Every structure is written in structure tokens, then in C-alpha cells.
Amino acid sequence: MEYRKLWNKVSAVAVVFMCVTAILHVLVYLNLQYRSIDKNGKIMEGLASYRALKEASEDLEGVMDGEYLRKLKDSYDNSFEKEYLAEHRGFLGTAGMTKYDVPNYCVNYAYFGPYMTNGNDKVGLDYEFLESEESFYRAYKEAVKESLAEDGLYSEEQLVVLNEKADNMRTPFTTGYAQGLFNLMTWFNWDYSLVFFVLAFALAGLFSKDNTGGVTELTLSSKYGRGRNLNARWIAGNLFSASVYLIYLAVQILVNGAVGTLAGWNLSAQMLWCSCLYDMTLGEGLLIMFFGGLLGALVIGNVVMLFSVRLKNGKLAAVLAVIAVLLIRRTGSMEGLYGTIEVLSPMHFGKSSLIWMYRFVGNMAVPCFVVVSVVAVFYVAVLYTGVRLSYKKYHVN
């Protein structure tokens with residue numbers, strides 16, 4: 001019953017606004033900005049460029065062993081793409097795409113390491129280490145080590161542990177088309193805060209006394225008591241938070257899947273996260289990110305519920321919740337403090353740092369997504385305690 005009460009006109013409007021905003025942001029931006037080279041050497045623009053790119057990329061799908069690397073080099077050296085990029089120096093740096101982007105960027109990372117970008121000068125394959133599979137992956141692992149050192153997150157002793165993981169990285173990689181998944185990851189992060197704003201408006205009245213869905217004297221004196229009523233509302237608030245987040249996630253998957261397809265789930269995670277040390281696929285990496293995003297939504301939902309029970313006024317709680325969301329949202333573009341922001345801010349709970357970053361407990365490297373999970377559980381426990389203590393002293397008059 002408490003969950004159903006949360007689906008009122010305010011929450012419905014907020015959810016619709018979230019969905020419409022997310023859809024328009026993806027469709028308008030992708031249609032206006034992106035273009036690709038199809039298999040016939042024709043420049044395709046707008047939404048049609050993704051299907052053309054996927055079709056052109058089919059002959060580059062495979063395992064990056066020695067034979068693949070030699071064929072890739074020969075294919076690129078004799079391609080229309082190489083000739084075109086030589087004449088259009090800003091193509092790749094201004095939302096241009098070619099079928100060689102994913103495998104060629106992976107190869108170039110082995111040379112440039114932490115200085116890798118997506119420009120035209122980082123897609124060529126004129127490297128001696130491509131003569132054999134062994135020399136390529138040796139260079140790649142050294143590039144990963146250099147990136148870890150450049151991050152500035154780890155001490156010398158910690159780098160020794162991570163370098164050993166890099167040496168044991170599973171190879172060869174699997175490569176292919178992954179632009180649709182890259183778009184999904186990008187827009188999932190860009191519009192993630194929309195979920196927080198919906199929760200700020202929808203949950204602000206959960207414990208208030210100024211609307212029909214809030215707390216009344218009858219509620220507090222019911223035979224089930226404050227404790228059971230609190231738990232019912234708190235569970236409903238968390239279910240609602242999860243529901244809003246899953247609606248947002250479904251919109252992102254459906255829209256990006258319709259435009260760029262979701263092909264590439266079985267590719268190696270290194271095709272998107274070059275310094276990833278895990279033996280996982282892109283699909284598994286994205287699932288970790290999506291789970292982190294759910295944790296962030298639950299934390300924000302509990303923050304709003306605490307405002308609601310403390311202030312007892314839905315409108316005031318909504319205003320302060322929006323202010324809190326705006327402040328938390330600003331941390332989304334912040335990084336550093338030795339990785340502290342990434343594991344403490346809910347805005348980072350669904351970001352790719354979960355895939356490549358570690359935190360250390362002594363000499364033990366703990367995956368970032370494990371740390372974030374622990375932090376999120378701690379946040380929710382503390383916030384629930386605050387809500388429970390406040391509700392025990394709740395008075396309508």
C-alpha cells in the first residue's frame with residue numbers, strides 16, 4: 001500500500017520527465033554529432049551511421065592473436081579509412097567513427113599508455129611489436145603498468161601488487177564492434193543524476209504531515225505501531241528508488257540498443273577500459289556499473305527519506321533534497337584525493353572506475369566495486385538509523 005501511494009501525480013510527472021529527457025538527449029545528440037565510414041567507403045551521418053558501422057565492422061571481429069594482428073595491419077594499411085584519415089585530420093576527434101577504432105585504439109594503447117586519446121594520430125599501426133602476439137601483449141602490459149603509476153593512486157608497494165596482476169592478465173583479447181555499448185555507458189553516466197531528482201520530489205512527502213500520503217495521527221496510533229509502519233514506508237521508499245532507477249536503465253538500454261545495437265557484450269573489457277586487470281567481458285563490466293548505479297540510487301533515496309522524516313514538510317524536504325542532489329551531482333565531474341571521491345560519492349557509484357580502480361587494505365588489493373558496495377551499505381544503515389530514531393519521536397501536532 002505504501003509503495004502504491006508513492007506512485008502519485010508528482011512522481012508520475014517526474015518519471016515521465018526523466019524518460020523524455022533521457023531519450024531526447026540520446027537521439028538528438030547522436031543524430032547531430034556522429035558520422036561513420038560504411039563498408040563501401042561512404043560517409044554516413046546521424047543515427048544511420050551506427051548500423052552502417054556495425055555492418056562494416058563484421059570482418060574485424062575475432063581474437064587478437066598473432067595472425068589477427070598481422071591481418072589487421074595489412075587490412076588497415078590498404079584501407080580507404082587510412083587514406084581518408086590522412087586527408088581529414090580532425091575526423092576521429094570530432095565524433096567520427098571507423099570500423100578500425102576499437103582494435104586499432106587497443107593496439108595504440110600498447111604504445112601510448114596513459115597518453116592515449118581518440119585522435120587520428122592514435123589509430124595507425126606502424127609498430128614493431130605487432131610482429132608477434134607475444135611482443136604486442138608484452139608492450140600492452142607495460143603500458144598498463146605505466147598507466148597505473150601515472151594515476152598517482154598507489155604507493156610503490158601497492159604498484160608491485162598491481163603490476164603482478166598486469167603480468168598475469170589473460171590474453172589474447174577478443175575484439176569487434178562495441179560502439180553501441182560505448183554509447184550506453186556514456187549516456188548512462190551523463191543522465192544518471194535524473195534519477196536523483198525524481199527521488200528528491202517523489203520521496204519528500206513519504207514521512208511528511210502536509211499531504212494525504214504522509215504521516216497522520218491515525219498512522220502513529222495504529223495497532224501495528226510506529227515500528228511496523230516505519231519499516232513499511234522505508235521498504236516502500238527503497239522499492240520505489242529501485243523502480244525509478246530500473247526504469248531509467250531500461251530507457252537507456254532500449255534507446256541505445258535501438259540506435260547502435262548492444263552487440264559486443266562478449267568482447268574483452270579492455271576494448272573499453274584499457275587498464276582493466278580483470279578477466280571479464282564488456283557485458284560483465286557494464287553489469288557491475290549498473291549494480292553500482294542501483295546502490296547510488298538507494299543511497300539518495302534514503303537521504304531524501306531522512307529529510308522527509310526530520311522536516312515533516314514535503315515541500316521543504318523536496319527543496320533541501322534538490323539542493324543536496326545538486327551538490328552531490330557536482331562531485332560527478334570531480335576525481336582525485338587518492339580515489340576517495342570515487343568510492344564515497346554516489347555520483348561515482350555507477351562509473352567505470354569500478355572496473356579498473358582498486359583500494360588497498362594492507363597489501364591486499366580490493367576491487368573498487370567491492371569497496372563501493374560496502375560504503376553504500378554503510379550509508380543506508382546510518383541513514384536508516386537516523387530515520388528510525390526520528391520516527392520514534394515523531395509527533396503530528
Side-chain angles (χ1 to χ4, degrees), residues 113-117 144 146-159 161-162 165 182 184-200 241 245 248-249 252 269 272-278 285-304 306-307 320-362 364-383 386:
Y115 309 105
M116 182 63 190
T117 64
V144 172
E146 185 180 1
S147 296
L148 293 171
E150 285 290 326
D151 286 339
L153 299 173
Y154 311 108
S155 66
E156 292 295 330
E157 294 78 10
Q158 293 169 348
L159 284 174
V161 176
L162 296 181
K165 291 181 179 293
F182 176 78
L184 173 59
M185 179 189 71
T186 302
W187 266 267
F188 169 80
N189 281 315
W190 278 4
D191 292 334
Y192 177 50
S193 61
L194 289 174
V195 177
F196 295 176
F197 286 109
V198 172
L199 298 180
S241 300
Y245 170 75
Y248 168 76
L249 179 58
Q252 290 290 355
L272 282 187
W273 308 291
C274 296
S275 59
C276 175
L277 300 178
Y278 302 114
L286 286 172
L287 287 176
I288 290 174
M289 289 179 55
F290 295 157
F291 177 71
L294 174 61
L295 294 178
L298 292 177
V299 170
I300 296 300
N302 279 268
V303 169
V304 179
L306 181 59
F307 284 159
L320 291 183
V322 168
I323 293 174
V325 168
L326 289 172
L327 293 175
I328 293 172
R329 187 174 183 272
R330 293 191 63 181
T331 66
S333 59
M334 298 170 58
E335 295 179 351
L337 298 179
Y338 304 102
T340 302
I341 294 175
E342 285 85 348
V343 298
L344 293 183
S345 170
M347 275 300 298
H348 283 271
F349 285 4
K351 289 200 171 183
S352 59
S353 56
L354 272 66
I355 311 302
W356 56 266
M357 185 182 293
Y358 287 85
R359 296 290 80 202
F360 275 80
V361 178
M364 182 176 65
V366 181
C368 188
F369 60 83
V370 174
V371 178
V372 164
S373 299
V374 173
V375 170
V377 170
F378 174 77
Y379 280 163
V380 171
V382 170
L383 292 168

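Every value quoted in this text rests on a predicted model; they were computed, and no experiment measured them. What you see below is based on every heavy atom in this structure, not just the backbone, and it leaves out hydrogens, waters and symmetry mates.
At most 12 heavy atoms of other shown residues, nucleotides or ligands fall within 6.0 angstrom of atom CZ in F182.
L184 places a side-chain heavy atom less than 4.5 Å from the side chain of F290. At a threshold of 4.5 Å between non-hydrogen side-chain atoms, the residues F360 and E157 do not count as touching. Counting only heavy atoms from C-beta outward, the side chains of Y248 and V198 never approach each other to under 4.5 Å. In this structure the side chain of V374 never reaches within 4.5 angstrom of the side chain of V371, judged on heavy atoms. Between V366 and M364 the shortest side-chain heavy-atom distance falls below 4.5 Å. Between C274 and M116, the closest side-chain pair of non-hydrogen atoms is not below 4.5 Å.
Every side-chain contact (heavy atoms from CB on, under 4.5 Å) that Y115 has, sequence neighbours left out, goes to E146, E150. In this structure, Y358 has no side-chain hydrogen bond (donor to acceptor under 3.5 Å, both in side chains) partners at least two apart in sequence or on a different chain.
Listed here is the closest heavy atom pair of M347 and S193: SD-CB, 4.0 Å. The two residues L320 and F307 come nearest to each other via the heavy atoms O-CE1, 3.8 Å. A pairwise comparison of heavy atoms in S147 and P114 identifies OG-N, 3.3 Å as the closest pair. The shortest heavy-atom contact between R329 and F197 is CD-CE1, 4.0 Å. The two residues G386 and L306 make their nearest non-hydrogen contact at C-CD1, 3.6 Å. Taking all atoms of both residues into account, the shortest heavy-atom contact from C368 to S353 is CB-O, 3.7 Å.
Looking only at distances, no side-chain donor or acceptor of Q252 sits under 3.5 Å from a matching main-chain atom of L249. Checking side-chain atoms of Y278 against main-chain N and O of A269 turns up no donor-acceptor pair under 3.5 Å. Looking at H348, its side chain never comes within 3.5 Å of a backbone N or O of V372 through a donor-acceptor pair. Checking side-chain atoms of S345 against main-chain N and O of E342 turns up no donor-acceptor pair under 3.5 Å.
Using a 30° and 60° split on the angle between ring planes, F196 and Y192 fall in the perpendicular class, above 60°.
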**Message:** I'd like to know whether F349 forms a side chain to side chain contact (heavy atoms under 4.5 Å, CB included) with V343, so could you lay out the CA-CA distance, the side-chain angles of the two residues, the decisive distance to 0.1 Å, and finally the verdict.
**Reply:** CA-CA 7 Å; F349 285 4; V343 298; 5.8 Å; no
**Test side chain to side chain contact (heavy atoms under 4.5 Å, CB included) applied to Y245 and L199, step by step** = CA-CA 9 Å; Y245 170 75; L199 298 180; over 6 Å; no
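Taken from OG in S275 to CH2 in W356, the straight-line distance is 6.0 Å, to the nearest 0.5 Å. Note: L153 CG to L162 CG = 9.5 Å, rounded to the nearest 0.5 Å. Here the straight-line distance linking atom CE of M185 with atom NZ of K351 works out to 10.5 Å at 0.5 Å rounding. L286 CG to I355 CD1: the interatomic distance, rounded to the nearest 0.5 Å, is 7.5 Å. Summarising the geometry, atom CD1 belonging to I300 is positioned 12.0 Å from atom CG belonging to L295; distances are rounded to the nearest 0.5 Å. Atom OG1 in T186 sits 7.5 Å away from atom CG in N189 (nearest 0.5 Å).
Applying the side-chain hydrogen bond (donor to acceptor under 3.5 Å, both in side chains) rule to pairs touching residues 364-383 yields nothing, sequence neighbours excluded.
Aromatic pair F369/F291: centroids not less than 6.0 angstrom apart.
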